[in-house]
Protein chains: 2
Amino acid sequence: MVSVSPCPHGYPGEACIVCKVRHISVCAALSATELSALDELAQHVRFSQRETIFLQGADADWVYNITGGVARLYTLLPDGRRQIVGFALPGDFLGLAMGKTHPFGADAIEQVSACRFSRTAFSLLIDRKPHLLRRLHEFATHELSLAQDQMTLLGRRTAEEKVIMFLLGMRERWTRLGSASVTVHLPMSRQDMADFLGLSLETVSRTLNRLAREKVIILVPDGVRITDLERLIRPVAA
Amino acid sequence: MVSVSPCPHGYPGEACIVCKVRHISVCAALSATELSALDELAQHVRFSQRETIFLQGADADWVYNITGGVARLYTLLPDGRRQIVGFALPGDFLGLAMGKTHPFGADAIEQVSACRFSRTAFSLLIDRKPHLLRRLHEFATHELSLAQDQMTLLGRRTAEEKVIMFLLGMRERWTRLGSASVTVHLPMSRQDMADFLGLSLETVSRTLNRLAREKVIILVPDGVRITDLERLIRPVAA
DNA sequence: CGTCGCTTTGAGGTCCTTCAACCATGGTGG
DNA sequence: CCACCATGGTTGAAGGACCTCAAAGCGACG
C-alpha cells in the first residue's frame, strides 16, 4: 500500500531544501524561498515493489517527482501486449503534460519514493513561475529527444544493438546521478527489458548471456558489470 | 534552392494576421498586437520538393512554423539506416527544444512553405511571453505523447497494424487541418513510410496492395481512398 | 524441502527481410 | 514523336532474425 507522509525528513518546511534530487529535478528552477512554498504543496509518498503508481487512462490527480527507486512507464494494448516507454529514475518528473488523464501507466520496480503535488495546484504554480515552466519545458523536450532516439532503436536496430544500447543508456543515466560504477544497476526483469526494446524476453536473455560468454559483460544480481567497454560499444559505434 | 521573402502576402506587417495556420500553430497564443511584433521577426521561406530544410546535428539557427506542404523528420545511423521520427504538416513547429543543434534532420517531401524565426530572437520572445511558452510546452508534450504511441507501434505492432495505424493517423491529422475527405493525402514514398514504421519498403507495398485487393482501400496517386473504414479499424481496434 | 517466480536454454516455426526481376510513369532529347 | 532512361512501385522466391513453445535450472522464502 502507498504510504503518505507530509514531512518525510522530520524537518517541517525544509524537506525540499534537503532533498537529494533537488538540483537535478524540476525543482532546481526554484529559489530557496520558492522551495519552502513548494513544501506546502508537497506530499512524500512511497510505493512498494510492484505497486501501481497510476494506471494508463486514469485521472491525473497528482504529478510526481521521483526521489528514489525505479519505476516503469508503459502502454498496454487490449490484447495484453505491452510497450515500456521509459524507466523513471530519481530526478525524473511524471506528469509533464499536465493533462487530465495519464497517457501511460506507471508502477514501481523497486521500492519508489516520490514527491507528489496536486496537478491543479502545480498547474497554478506554473502559471505564476515562468522559470518553472521553462524548466518543465526543458524536461519535456529532453524526454522527446530520448523518445525519438528510442524510436530509432525500435525501428532500425538489431536485437544485439538494442540490448547494448540499453546497457549503455542505463549506465549513462546512473553515472549522471552520481552513482558511477562499473556495475550497472538493472532492477527490472528480462520481460521489462524486452517490452522496452521490442523483443521477447528469451531474446534478451540469450543476448545478455552471449555477451557474458564473450566476456564483454558479467551478469550479476540486479545488474551487469561491464568488463570490456570498447567491445561493447563497437557494434553501436557512431 | 530555398526562396526567402520577408513579406509573402504583400501586406507589410499583416502576414501573420492573414496566416492560414495561425489558429492551429504556436502563434495562436498571441494577441493581434503581439502578432504584428512577431511579423518583424518572421521570414517566409519556401523549400522545393526533396530540398533539405536542415541536417541532423547542424546548428539550429532558425526555428520553423510549417505553413504548407509536408516535411519528413529523420535520424540517420552511420551505416545509412534511417528512422523517420515524424512527418511535419501545416501548423507544426520545428525546433521545440530550442537547442543549439537539431537532433534530427528535416527535408521537404512536397514543396514546403514555412515561417522561420531566428532561434535566439524567438528564445528571447519566449522569455517575455509566458503564454507563448505554455503553448510551446503543450506542443512539446503533444509530440511526446505521439512519440510514445509510435514507440508502442514500432515495438509491439505487426506490419499490417503498423500500416493501418499510419493510414488512420494521417487521415486524422488531415481531418483536423480541415481538409476532411475520404482520400488520405500521402505525398511520401513507400520508403518513407517504411522508415517511419520500421519496415522494409516491400512489406509496406505488399500490405497496402493486400488491403486494396481486399477492397478496404483504393490506391490512388499520392494517397489512398478508404472504402471500408470499419474493416480497416478492426485489426487495430481498442 | 517443496513451491513460486524468474531466468536460461533448446527446438521448431514464422513473419518479415533481402535479393532480384519486372512494371508504370514521366521527363528528355535525338 | 517516341525511344530512352530515371525513378518509384510491385511482385516473387528464398533465407534469416527473432518469436513461440517447452522444459529445465536456480534462488528465495516459507
Side-chain angles (χ1 to χ4, degrees), chain A residues 48-51 70 72 77 79-84 107-110 153-167 186-214 217-224 235, chain B residues 48-51 70 72 77 79-84 107-110 153-167 186-214 217-224 235:
Chain A
S48 45
Q49 210 171 12
R50 268 176 249 125
E51 193 177 357
V70 177
R72 60 174 171 242
L77 298 184
D79 61 3
R81 282 176 291 178
R82 184 179 68 157
Q83 177 68 39
I84 291 187
D107 37 46
I109 291 176
E110 304 170 298
L153 180 143
L154 289 166
R156 286 294 177 239
R157 294 284 192 176
T158 66
E160 186 184 52
E161 290 174 324
K162 286 177 175 182
V163 170
I164 291 176
M165 295 204 73
F166 171 65
L167 297 180
L186 303 172
M188 65 291 290
S189 68
R190 299 285 182 260
Q191 182 67 67
D192 287 339
M193 298 180 199
D195 286 345
F196 184 57
L197 300 175
L199 297 171
S200 68
L201 72 95
E202 293 92 334
T203 297
V204 171
S205 178
R206 273 187 254 270
T207 306
L208 285 172
N209 284 290
R210 177 153 27 86
L211 291 172
R213 215 173 308 122
E214 291 166 0
I217 60 172
I218 297 173
L219 295 177
V220 298
D222 292 324
V224 300
Chain B
S48 44
Q49 210 170 13
R50 269 176 247 125
E51 193 177 357
V70 176
R72 59 174 172 241
L77 298 183
D79 61 2
R81 282 175 290 178
R82 184 179 66 158
Q83 177 69 39
I84 291 186
D107 38 45
I109 291 175
E110 304 170 298
L153 180 143
L154 289 167
R156 287 294 177 238
R157 294 285 194 176
T158 66
E160 186 185 54
E161 289 175 324
K162 286 177 175 182
V163 170
I164 291 175
M165 295 204 74
F166 170 66
L167 297 180
L186 303 172
M188 66 290 291
S189 68
R190 298 287 183 259
Q191 182 67 65
D192 288 338
M193 298 180 198
D195 286 345
F196 183 56
L197 300 175
L199 297 170
S200 67
L201 71 92
E202 293 92 333
T203 298
V204 171
S205 178
R206 273 186 254 269
T207 306
L208 284 173
N209 282 291
R210 177 155 26 87
L211 290 172
R213 216 172 306 121
E214 290 166 0
I217 60 173
I218 298 173
L219 296 176
V220 297
D222 292 324
V224 301

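We name chains A, B, ... by the order of the sequence lines, and we start the count at 1 in each one.
Here the P atom of nucleotide dT18(C) and the CD atom of Q191(B) are 10 Å apart, to the nearest Å. In this structure, L186(A) places its CG atom 16 Å from P of dC6(C), rounding to the nearest Å. Spacing between atom CZ of R50(A) and atom C1' of dC6(C) amounts to 10 Å, rounded to whole angstrom units. In this structure, R206(B) places its CZ atom 11 Å from P of dC16(C), rounding to the nearest Å. One can place CZ of R81(B) at 15 Å from C1' of dT18(C), the figure rounded to the nearest angstrom. Per the geometry, CG belonging to L208(A) stands 11 Å off C1' belonging to dT7(C), to the nearest Å. Atom CZ of R210(A) and atom P of dT9(C) are 12 Å apart (whole Å).
Comparing A159(A) and R213(B) by the nucleotide of DNA chain D that holds the closest heavy atom to each, the one mapping nearer the 5' end is R213(B).
Q49(B) meets the side chain to side chain contact (heavy atoms under 4.5 Å, CB included) test with no other residue; sequence neighbours excluded. With sequence neighbours excluded, the residues that form a side chain to side chain contact (heavy atoms under 4.5 Å, CB included) with M188(A) are F87(A), I109(A), F166(A), M170(A), L186(A), D192(A), M193(A). When the salt bridge (Lys or Arg N to Asp or Glu O under 4.0 Å) test is applied to R210(B), the partners found at least two apart in sequence or on another chain are E160(B). In terms of the side chain to side chain contact (heavy atoms under 4.5 Å, CB included) criterion, residue partners of A108(B) (sequence neighbours excluded) are, by chain and number, F47(B), V112(B). With sequence neighbours excluded, the residues that form a side-chain hydrogen bond (donor to acceptor under 3.5 Å, both in side chains) with S205(A) are N209(A). The side-chain hydrogen bond (donor to acceptor under 3.5 Å, both in side chains) search around Q191(A) returns D195(A), not counting sequence neighbours. Partners of R190(A) under the salt bridge (Lys or Arg N to Asp or Glu O under 4.0 Å) rule, at least two apart in sequence or in another chain, do not exist in this structure. T203(A) pairs by the side chain to side chain contact (heavy atoms under 4.5 Å, CB included) definition with A159(A), L199(A), S200(A), T207(A), not counting sequence neighbours.
Close approach of DNA chain D to chain B, defined as any atom under 4.0 Å from a non-hydrogen atom of the protein, starts and stops at dG9(D) to dA13(D).
Against DNA chain C, the stretch residues 192-203 of chain A makes heavy-atom approaches under 4.0 Å through L201(A), E202(A).
Ion pairing of D107(A) with R50(A) is absent here, as no side-chain N (NZ or NE/NH1/NH2) approaches a carboxylate O to less than 4.0 Å.
An end-to-end axis angle of 20° holds for the helix from dC1(C)-dG30(D) to dG30(C)-dC1(D), taken from five base pairs per end and rounded to 10°.
Distance alone, capped at 3.5 Å, is enough to place a donor-acceptor pair between the R81(A) side chain and the R156(B) backbone.
Candidate nucleotides dT17(C), dC16(C), dT7(C) were compared by shortest atom distance to the side chain of T158(B), and dC16(C) ranks first.
L219(A) comes within 4.0 angstrom of the backbone, heavy atoms only, and of no base.
The distance from atom CG of L197(A) to atom CD1 of I164(A), rounded to the nearest 0.5 Å, is 11.5 Å.
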